[in-house]
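First the structure, in the form of C-alpha cells, and then the observations on it.
We name chains A, B, ... by the order of the sequence lines, and we start the count at 1 in each one.
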There are 2 protein chains.
Amino acid sequence: MTHPAPDNTRERLLIQAELLFSRKGFAAVSVREITSAADTNLAAVNYHFGNKMNLYLSVFKERWVPRAQEIRKFFKNFLSGKNHPDTSDVVRAIATAFLEGTMTDDEQRCQIGLMQRELAHPTEAISIVVDEVLRPMHHDIQKQIRPSFSKKADLEQLTLSIFSIISMILYFEFARPVVSLVMNQEFDSQYKSRVIDHIVSFTMNGINGFKEEKTI
Amino acid sequence: MTHPAPDNTRERLLIQAELLFSRKGFAAVSVREITSAADTNLAAVNYHFGNKMNLYLSVFKERWVPRAQEIRKFFKNFLSGKNHPDTSDVVRAIATAFLEGTMTDDEQRCQIGLMQRELAHPTEAISIVVDEVLRPMHHDIQKQIRPSFSKKADLEQLTLSIFSIISMILYFEFARPVVSLVMNQEFDSQYKSRVIDHIVSFTMNGINGFKEEKTI
DNA sequence: GTTTGTATTAAACGATCGTTTGAATGTCAA
DNA sequence: TTGACATTCAAACGATCGTTTAATACAAAC
C-alpha cells in the first residue's frame with residue numbers, strides 16, 4: 001500500500017495545535033510547544049505539514065470546518081421540528097448551536113477562539129472562515145429570519161442584526177475571563193444558559209422593535 | 001535640573017509600540033520592529049522602559065488610559081445637556097463615544113484593538129483595563145440607564161445588556177475587515193454612523209422589550 | 001575646562017525560533 | 001532475507017528573538 005495508514009501522530013499534532021493556537025494565537029505558539037504537547041519529535045510538524053503555517057491552515061481545514069459544519073447541522077436540526085419558526089426560535093437556535101451544541105466546553109472555546117483570532121487578525125485561513133462558514137451561515141439565518149422583516153430596504157438592517165447576534169455570542173465566549181471578573185460570577189453551564197436566554201430576549205426584542213417601527 | 005527634558009524618543013516609542021501592538025498583538029511584534037518604526041536604536045526600549053513587557057504596560061498606562069478617560073468624559077458631556085436622558089440617549093452616547101468621539105479613526109482602531117486583545121488574552125494590563133475603564137464605565141452606564149429598569153431582580157439583566165452593547169461596538173470595530181468583506185461594503189464614516197444607528201435602535205428595542213416584559 | 005549625568009549608538013550576548021538534514025527505526029511486499 | 005517506503009529521531013542549521021554591554025555624544029553645572 002502506498003498510502004499511509006491513518007496517522008496517529010498527525011492527528012495528535014492537529015489536536016494540540018488547535019488547542020494552543022486558539023489560546024495564544026499563531027505567533028505566540030512555537031513548533032516545539034506543539035510537538036511537545038503532542039508528545040512527538042520536533043521535526044514531525046515539518047514532516048507531516050511542511051511548515052508551521054500549513055499546520056495552522058490544516059487545523060482550520062481538517063478540524064475547524066468539520067466542527068463548524070456540525071454547528072450548522074445542529075442549527076438546522078434545531079429548527080427542523082417547527083415548520084414556521086419565529087424569530088426567537090431562530091436566535092435561540094444560533095446561540096444554542098454555538099454555545100451549547102454537540103461540542104464540549106473546551107471544544108467551543110477552541111472553535112470560537114480560533115474564529116475570533118481570524119476575524120481580528122486575518123491570515124490565509126480567513127477565506128476558509130468566511131467562505132465555508134460565515135457566508136453560508138449568514139445565508140441560512142437570513143433565510144430563516146427574513147419573514148420577520150417586511151420591506152426590501154430592511155436587508156441591511158437584517159444583516160446588521162445578524163452581526164449583532166454573532167457579536168454577542170463571540171464576545172461572551174471570548175471575553176469570558178473578563179466577563180466573569182466584572183460580573184463577579186464564574187462562567188459555569190448554568191450561567192451560560194442564562195447568557196443564551198439573555199441573547200435571545202435581547203435580540204428578539206431588537207428585531208421585533210424594528211418590525212414594529214416599520215409596520216406601525 | 002536632574003529631571004530629563006520631555007523625552008522625544010520615549011514618546012515616539014510609545015506611539016509606534018501602541019500602533020504595532022494593537023495591530024499584531026504583543027508576541028507578534030518585535031522590539032526591533034518598534035525601534036525601527038520609531039526611528040531609534042534597538043537598545044532604546046530597554047533604556048527607557050526596562051524591557052518589552054514594561055513598554056507594553058506603559059502603552060496602557062500612558063496612552064490607553066488617558067484616551068479612555070477622554071472617552072468617558074465625552075460620554076458624560078454627551079449626556080450633560082439632558083437632565084433626564086432616556087435609554088436611547090445613553091446607548092447613543094456610548095456608541096458615539098467609542099466610535100465617533102474626539103479620536104481619529106486610527107486612534108479608535110488602536111484603542112479598541114488593544115482592549116480587545118487584552119480581553120481575549122489577558123496580561124498584567126488587564127487589571128488596568130478593568131479597574132480604570134471597564135468597571136467605572138460600567139458603573140456610569142448602569143447609573144444612567146437604570147431608571148429604565150424596574151425591579152432589583154433585573155440587575156443581572158441590566159449588566160448583561162451593557163455587555164451586549166459593548167460587544168456590538170467592539171465587534172463592528174474589531175472584525176471590521178470581515179464585516180466589510182461579508183457585507184461587500186467599505187467601512188467609511190458614513191457606514192460607521194449607520195452602524196451606530198443600528199446599535200442604538202437594536203439595543204433600545206432590546207432594553208425596552210425587557211421593560212415591557214416585566215411591567216406588563 | 002572639567003565634571004556629571006543623560007541619551008544614543010554599534011556590537012555582541014545567550015536563548016529560542018522555524019526549518020533542514022541524515023541516520024535510525026518500523027513495516028510491509030517481493 | 002531483501003528492498004522500498006513511511007515514519008521517527010537526535011542534531012544541527014541560519015535567523016531572529018529580547019536583552020546587555022561598553023563606548024560615545026551631548027548638554028548643563030561647577
Side-chain angles (χ1 to χ4, degrees), chain A residues 1-62 114 117-118 121-125, chain B residues 1-62 114 117-118 121-125:
Chain A
M1 183 131 34
T2 57
H3 278 284
D7 195 354
N8 213 329
T9 301
R10 214 187 107 102
E11 202 64 19
R12 287 205 313 280
L13 281 173
L14 282 173
I15 293 172
Q16 296 300 326
E18 183 184 30
L19 205 64
L20 288 167
F21 282 143
S22 75
R23 286 177 180 167
K24 302 184 171 190
F26 181 77
V29 178
S30 71
V31 174
R32 283 167 179 82
E33 206 175 347
I34 297 169
T35 53
S36 176
D39 200 33
T40 182
N41 189 266
L42 167 63
V45 163
N46 296 81
Y47 175 76
H48 287 283
F49 299 95
N51 55 41
K52 183 187 174 186
M53 176 53 81
N54 211 295
L55 168 59
Y56 180 75
L57 294 176
S58 296
V59 164
F60 274 87
K61 289 174 189 164
E62 300 184 32
L114 285 172
R117 290 189 188 280
E118 264 310 299
H121 188 236
T123 68
E124 294 179 38
Chain B
M1 183 119 50
T2 55
H3 279 282
D7 194 352
N8 213 328
T9 301
R10 214 187 106 101
E11 201 64 20
R12 288 205 312 280
L13 281 173
L14 281 172
I15 293 172
Q16 295 300 326
E18 183 184 30
L19 205 64
L20 288 166
F21 283 142
S22 75
R23 286 179 181 166
K24 302 185 172 189
F26 181 79
V29 178
S30 70
V31 174
R32 282 166 179 83
E33 204 175 348
I34 297 169
T35 53
S36 176
D39 200 34
T40 182
N41 188 268
L42 168 63
V45 163
N46 297 80
Y47 177 75
H48 287 283
F49 300 95
N51 55 41
K52 184 187 175 186
M53 176 53 82
N54 210 298
L55 167 59
Y56 180 75
L57 293 177
S58 297
V59 164
F60 275 87
K61 289 173 189 165
E62 300 183 32
L114 286 172
R117 290 189 188 280
E118 265 309 301
H121 187 236
T123 68
E124 294 179 38

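Within 6.0 Å of the CD atom in A:Glu62, the count of heavy atoms belonging to other residues, nucleotides or ligands exceeds 12.
To the nearest angstrom, C1' of D:dT19 lies 5 Å from CG of B:Asn46. Regarding B:Asn8, its CG atom lies at a distance of 17 Å from the P atom of D:dC26, rounded to whole Å. With rounding to whole Å, B:Leu55 atom CG is found 10 Å from D:dT19 atom P.
The structure places CG of B:Asn41 at 10.0 Å from OG1 of B:Thr9, a figure rounded to the nearest 0.5 Å. If you take NZ on A:Lys52 and CD1 on A:Ile34, they are separated by 6.5 Å, rounding to the nearest 0.5 Å.
Nearest heavy-atom pair, B:Asn54 versus B:Phe49, reported as atom, atom and distance to 0.1 Å: CB-O, 3.0 Å.
Base engagement by B:Ala43 is indicated by at least one non-hydrogen atom pair under 4.0 Å involving a base atom.
Ranking C:dT8, D:dT19, D:dT8 by closeness to the B:Leu42 side chain, first place goes to D:dT19.
Side-chain nitrogen and oxygen atoms of B:His48 include none within less than 4.0 Å of the OP1 or OP2 phosphate oxygen of C:dT6.
Taking every heavy atom of residues 29-41 of chain A and every atom of DNA chain D, pairs under 4.0 Å involve A:Arg32, A:Thr40, A:Asn41, by number.
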Validation: residues 26-33 of chain B side-chain donor-acceptor distances under 3.5 Å, sequence neighbours left out:
residue: B:Ser30; atom: OG; partner: B:Glu33; partner atom: N; Å: 3.1
residue: B:Glu33; atom: OE1; partner: B:Ser30; partner atom: N; Å: 3.4
residue: B:Glu33; atom: OE2; partner: B:Lys24; partner atom: NZ; Å: 2.5

